[in-house]
Engineer: 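My questions will all concern the structure given below.
Every chain is numbered from 1, with letters handed out A, B, ... down the list of sequences.
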Amino acid sequence: MTKKIKRKKKEQDKDFFDKVYGFVELIPYGKVTTYGALAEASGIKSSARTVGWAMNAAAGSNLPCHRVVNRNGELTGKLHFGDPNLMEDLLRSEGVAFTKEGNVVMSKHFWQPTNVAKKKLIRNN
DNA sequence: TGGATGACCTACA
DNA sequence: CTGTAGGCCATCC
């Protein structure tokens with residue numbers, strides 16, 4: 001994220017990026033969330049992709065981007081951290097459990113930004 | 001204005 | 001499990 005284009009919309013004065021960043025900052029220590037959850041929390045549940053975009057823009061920021069994984073618990077964005085092992089390393093240092101495949105154990109560390117009851121629950125494990 | 005890209009998700013074969 | 005296909009939305013060119 002370098003420059004934000006000027007928006008004429010009053011409500012959209014802030015990009016939804018800011019919302020995503022806000023939620024990312026709220027992710028507790030040792031917890032992780034998913035792009036889809038952040039997307040829904042930001043109001044674009046249908047597009048988890050754009051959340052990934054926000055993360056890409058937030059790369060190098062103070063935001064704990066390493067706590068954001070995909071629905072499967074895979075560290076799909078590890079390659080964007082400079083070092084492929086950095087993301088996993090950070091999570092491990094926070095006490096996050098990993099599977100032998102190198103994925104986060106969502107059932108233990110999944111954190112949901114929204115308290116809204118979801119019909120879709122984690123089917124993992 | 002429209003195509004291309006992306007740290008995604010779901011469904012299906 | 002891998003590959004293909006569609007969709008979703010923001011951004012860049």
Side-chain angles (χ1 to χ4, degrees):
Chain A
M1 104 174 50
T2 42
K3 54 160 164 222
K4 49 168 48 177
I5 24 188
K6 49 289 169 113
R7 304 194 166 268
K8 332 188 154 187
K9 313 195 166 169
K10 5 189 163 170
E11 333 219 343
Q12 286 265 78
D13 194 357
K14 301 185 167 199
D15 301 305
F16 88 108
F17 283 60
D18 294 339
K19 296 182 183 175
V20 175
Y21 297 156
F23 284 112
V24 173
E25 290 180 4
L26 294 179
I27 303 177
Y29 182 93
K31 291 285 182 182
V32 298
T33 188
T34 67
Y35 299 97
L38 287 174
E40 183 173 6
S42 301
I44 50 169
K45 154 187 174 189
S46 322
S47 258
R49 242 186 199 174
T50 316
V51 176
W53 237 95
M55 291 293 102
N56 184 23
S61 303
N62 303 329
L63 303 174
C65 317
H66 58 278
R67 293 178 188 156
V68 183
V69 297
N70 69 351
R71 200 89 193 130
N72 217 355
E74 306 174 38
L75 310 183
T76 55
K78 65 185 340 184
L79 297 177
H80 289 259
F81 280 79
D83 291 327
N85 299 332
L86 181 58
M87 189 175 185
E88 181 176 342
D89 211 19
L90 288 172
L91 291 174
R92 282 183 185 276
S93 62
E94 294 186 0
V96 176
F98 278 83
T99 64
K100 52 170 63 176
E101 298 176 348
N103 299 343
V104 177
V105 182
M106 301 298 288
S107 53
K108 296 186 65 166
H109 304 285
F110 178 67
W111 175 81
Q112 200 167 25
T114 58
N115 291 335
V116 182
K118 300 168 68 74
K119 30 184 112 178
K120 284 184 162 188
L121 296 180
I122 325 169
R123 47 153 102 151
N124 183 11
N125 291 23

Engineer: A:Asn70: which residues meet the side chain to side chain contact (heavy atoms under 4.5 Å, CB included) condition with it, sequence neighbours left out?
Structural biologist: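 For A:Asn70, the residues satisfying side chain to side chain contact (heavy atoms under 4.5 Å, CB included) (neighbours in sequence not counted) are A:Tyr35, A:Asn72, A:Glu74, A:Thr76.
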Engineer: Atom CH2 of A:Trp53 to atom P of B:dA4: distance rounded to whole Å?
Structural biologist: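 Between P of B:dA4 and CH2 of A:Trp53: 17 Å.
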Engineer: Give every donor-acceptor pair under 3.5 Å between a side-chain atom in residues 23-32 of chain A and any protein atom, sequence neighbours left out.
Structural biologist:
unit_1, atom_1, unit_2, atom_2, d
A:Tyr29, OH, A:Ser93, O, 3.2
A:Lys31, NZ, A:Lys108, O, 3.4

Engineer: Quickly work out the A:Glu101 CD to C:dT2 C1' distance and round it to whole Å.
Structural biologist: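 Atom CD in A:Glu101 sits about 14 Å away from atom C1' in C:dT2.
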Engineer: Output the residues of residues 42-52 of chain A in contact with DNA chain C, where contact means a heavy atom of the residue under 4.0 Å from an atom of the strand; sort by number or write none.
Structural biologist: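 The stretch gives A:Ser46, A:Ser47, A:Arg49, A:Thr50 as the residues lying under 4.0 Å from the strand, ordered by number.
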Engineer: Which part of the nucleic acid does A:Ala59 contact within heavy-atom distance under 4.0 Å: base, sugar-phosphate only, or nothing?
Structural biologist: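 The residue A:Ala59 makes base contact.
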Engineer: May I ask you to list the residues of residues 85-97 of chain A, by number, that have any heavy atom positioned under 4.0 Å from an atom of DNA chain B?
Structural biologist: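 Those residues whose heavy atoms fall under 4.0 Å from DNA chain B, taken from residues 85-97 of chain A, amount to none.
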Engineer: Can you check side-chain contact (heavy atoms from CB on, under 4.5 Å) on A:His109 and A:Glu94, steps first, answer last?
Structural biologist: CA-CA 11 Å; A:His109 304 285; A:Glu94 294 186 0; over 6 Å; no
Engineer: Which heavy atom of A:Tyr21 sits nearest a heavy atom of A:Ala58, and at what distance?
Structural biologist: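 Smallest heavy-atom distance, with atoms named: CE2-CB, 3.4 Å.
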Engineer: Nearest-Å distance, NZ (A:Lys19) to C1' (C:dC9)?
Structural biologist: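 So the NZ-C1' distance, A:Lys19 to C:dC9, works out to 13 Å.
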Engineer: Please report, to 0.1 Å, the donor-acceptor pairs under 3.5 Å made by any side chain of residues 42-52 of chain A, with sequence neighbours excluded.
Structural biologist:
unit_1, atom_1, unit_2, atom_2, d
A:Ser42, OG, A:Leu38, O, 2.8

Engineer: Give every donor-acceptor pair under 3.5 Å between a side-chain atom in residues 80-88 of chain A and any protein atom, sequence neighbours left out.
Structural biologist:
unit_1, atom_1, unit_2, atom_2, d
A:Glu88, OE2, A:Arg92, NE, 2.9
A:Glu88, OE2, A:Arg92, NH2, 2.7

Engineer: Rounding to a whole Å, what distance do you find between A:Asn56:CG and C:dC12:P?
Structural biologist: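 Whole-Å distance recorded here is 11 Å.
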Engineer: With rounding to the nearest 0.5 Å, note down the distance linking CG in A:Leu63 to CE in A:Met55.
Structural biologist: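 Those atoms lie 6.5 Å apart.
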Engineer: For the pair made of CD in A:Glu40 and P in C:dC9, what is the distance, rounded to whole Å?
Structural biologist: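 Those two atoms, CD and P, are 14 Å apart.
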Engineer: Could you tell me how far apart A:Asn70 (CG) and B:dA7 (P) are, to the nearest whole angstrom?
Structural biologist: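 Checked: the CG to P distance equals 12 Å.
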Engineer: Taking all heavy atoms of A:Leu75 and all of A:Phe98, pick out the closest pair and write down the distance.
Structural biologist: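 Of all heavy-atom pairs spanning A:Leu75 and A:Phe98, the closest is CD1-CE2, 3.7 Å.
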Engineer: Rounded to whole angstroms, how far apart are CZ on A:Phe16 and P on C:dT11?
Structural biologist: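 In whole Å, C:dT11 P and A:Phe16 CZ are 7 Å from each other.
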Engineer: Between C1' on B:dT10 and CD on A:Glu74, what's the gap in Å once rounded to a whole number?
Structural biologist: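 Taking CD of A:Glu74 and C1' of B:dT10, I get 14 Å after rounding.
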Engineer: Within the 4.5 Å heavy-atom criterion, are A:Met106 and A:Val69 side-chain neighbours or not?
Structural biologist: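 A side-chain contact exists here, since the closest heavy-atom pair is under 4.5 Å.
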